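Report on the following structure.
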Protein chains: 2
Amino acid sequence: MASTTGRKQTRRPTSPRRGRLAQRPEAGESGLQRERGRIRTRFGTRGQPEESRAAILRAAVAEFAEYGIAGARTDRIAQTAKVNKALLYYYFKDKDALYEAVLDHVFSGMRERVLPVLESDLEPREKLIEYVSQYFDYIAANPRFPRVVQSEWMRVGAHASPQMLRIAREYFAPIYAQMAKLLREGAEKGQLRPVNPLDLLPSLVGIVIFYFSTATAMKALLKVDPLSKERIAERRKFVLEFITEAVCL
Amino acid sequence: MASTTGRKQTRRPTSPRRGRLAQRPEAGESGLQRERGRIRTRFGTRGQPEESRAAILRAAVAEFAEYGIAGARTDRIAQTAKVNKALLYYYFKDKDALYEAVLDHVFSGMRERVLPVLESDLEPREKLIEYVSQYFDYIAANPRFPRVVQSEWMRVGAHASPQMLRIAREYFAPIYAQMAKLLREGAEKGQLRPVNPLDLLPSLVGIVIFYFSTATAMKALLKVDPLSKERIAERRKFVLEFITEAVCL
DNA sequence: AGAATCTAACTAACTGGTTAATTAAGGGAA
DNA sequence: TTCCCTTAATTAACCAGTTAGTTAGATTCT
């Protein structure tokens, strides 16, 4: 029995089927499918191409977040997105390309949210706090993303893939550079304790991300809901104070 | 083959075989195999059962750390451990059981290292620092473990598995309880800022673990070796100072 | 008609797990 | 000592089920 990877997917080997070429949708449907109250075009429609693509991407985010790259199943993604599996391969080259798209979605959202702060002309201390705030809020608003991020970090084994290098160059490098500058200036102005960005950055990311990437586990294990509005507000307050105390003078 | 079950009659269809009862190893081999210079017993030997089991477990730790649960391949584990794949199933029920064994290995080591500190009669502030030190040193000495830990945390999706509940009960619960007590006392004695263990614990774990679980990626991306002796010493200093500043009064 | 969108059914390759055969060693009997 | 039987340890070959990806078309819009 396949335990971790296994999933049931009966291929209907026995069920009686109509002749292959004689299939037609039941009369009265005419390519439309009633679903959850609203009518949705189904066959060969040009109506919702973007909608389909977006649905696939959304489903893929959820799937990759839940099961990781190796654990993600394309069949399940298609099912969640309510499209045929072949449509995944119509819009995306392969599973890896789909994963890349998910990464871009997740990381570009983060960068857009966070980079403007780092490029602003706030004072180092305020800038750092604002950076953490924005980062936290982005993650809190998309609590599935940390699992994708974490998976991606962990994917790299021994040597980096070209895709990972691209991600690093496009998303992490600019943030790292800005952060290094921020810390240098903050230390010079006496606003921040002098720290190595190579130490601070992974610590910030770790603090913010770990809580969310393990949230489902915490929810299952404790009585508390780690993603409730109040809990998240409390967590936010803690994180900001924690970091302020740790690095601000 | 005269298999009584009738399952497989097509065993070794091509290779010419000696008569069943007359088979003996070639003269001069006598069950030993020369391999990379040293002689290693190979066939049906009762000599190294523990050695074999240990080799499998060691290989499994590396494999699960590198590829995660779903990505881990039993064939590769067997190959790394230099044993036949069937031997995995001789010593462990299935892939999941092997993974459980890996988890126990990793978490029990951590608990043994860390719980005595929490149960000692150090003052709250010193106890906290000592806890973090021990935790850090354990992880630094086993830099593969964070990836296993992280994978395990992320494995839980939506609802906890019975195995996860066991892990939580056996390893996390006692640590959490001690930590909660420590923080309460520390706050009462005015040694520590009053914080929720539900916030502090995942932050500590996140800070310590994230750096190591992403180390391979960092190594591939930057010029620095994040696991060099000097870098780890620097990191250790940073982490301890960071946490001291953040929660100690 | 033709292009864009979409699907049922299929397949090649892989992967976890099983099986029957095989080997070395220990113990007892002759 | 020699022979045989039992058992633990180990393996090559195999299989059933799963999964990423493909194919040959169907549908609808312009």
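Only heavy atoms go into these numbers, but all of them, side chains included; no hydrogens, no water, no symmetry mates. All of these numbers come straight from a predicted model, not from anything done at the bench. Just so it is clear: chains get the letters A, B, ... in the order the sequence lines come, proteins before strands, and each one is counted from 1.
- Aromatic rings of B:F145 and B:F212 (six-membered ring for Trp) have centroids beyond the 6.0 Å cut-off, not under it.
- With hydrogens and angles left out, the side chain of A:N84 and the base of C:dA8 share a donor-acceptor pair within 3.5 Å.
- Put simply, NZ on A:K95 is 17 Å from C1' on D:dT22, counting in whole angstrom units.
- Each of A:A86 and A:A72 lies near DNA chain D, and the nucleotide nearest A:A72 is the one positioned closer to the 5' end.
- Atom CG of B:D75 and atom P of D:dA12 are 12 Å apart (whole Å).
- One can place OH of A:Y67 at 15 Å from C1' of D:dT18, the figure rounded to the nearest angstrom.
- With ring centers used as reference points, A:Y99 lies 6.0 Å or more from A:F92.
- In this model, the phosphate group of D:dT10 is approached by a side-chain N or O of B:S52 to a distance below 4.0 Å at OP1 or OP2.
- Regarding contacts with the backbone of D:dA20, a side-chain N or O of A:T74 is found under 4.0 angstrom from either OP1 or OP2.
- Side-chain N/O atoms of A:R73 include none lying less than 4.0 angstrom from OP1 or OP2 on D:dT18.
- Here the P atom of nucleotide C:dG17 and the OH atom of B:Y91 are 18 Å apart, to the nearest Å.
- In this structure, the side chain of A:N142 does not engage the main chain of A:R144 through any donor-acceptor pair within 3.5 Å.
- Atoms CG (B:L87) and P (C:dG16) sit 16 Å apart, rounded to a whole Å.
- When the local axes at the two ends of the helix from C:dA1-D:dT30 to C:dA30-D:dT1 are compared, using 5 base pairs at each end, they differ in direction by 10° after rounding to 10°.
- Comparing C:dG17, D:dA9, C:dA4 by their closest approach to the side chain of B:Y90 singles out D:dA9.
- When B:R147, B:R76, B:R73 are each tested for a side-chain hydrogen bond (donor to acceptor under 3.5 Å, both in side chains) with B:Y67, only one passes: B:R76.
- Annotation: side chain to side chain contact (heavy atoms under 4.5 Å, CB included) contacts of A:T80 (sequence neighbours excluded): A:A59.
- What separates NZ of A:K93 from P of D:dA20 is a distance of 15 Å, to the nearest Å.
- Between the side chain of B:K85 and the base of C:dG16 there is at least one donor-acceptor pair of N/O atoms closer than 3.5 Å.
- Here the side chain of A:K82 pairs no donor or acceptor atom with the backbone of A:A55 at under 3.5 angstrom.
- One atom, CD1 of B:I56, and another, C1' of D:dT10, lie 10 Å apart when rounded to the nearest Å.
- When all heavy atoms of B:Y211 and B:P226 are compared, the pair lying nearest together is OH-O, 2.9 Å.
- Distance, B:Y89 OH to D:dC15 P: 18 Å, rounded to whole Å.
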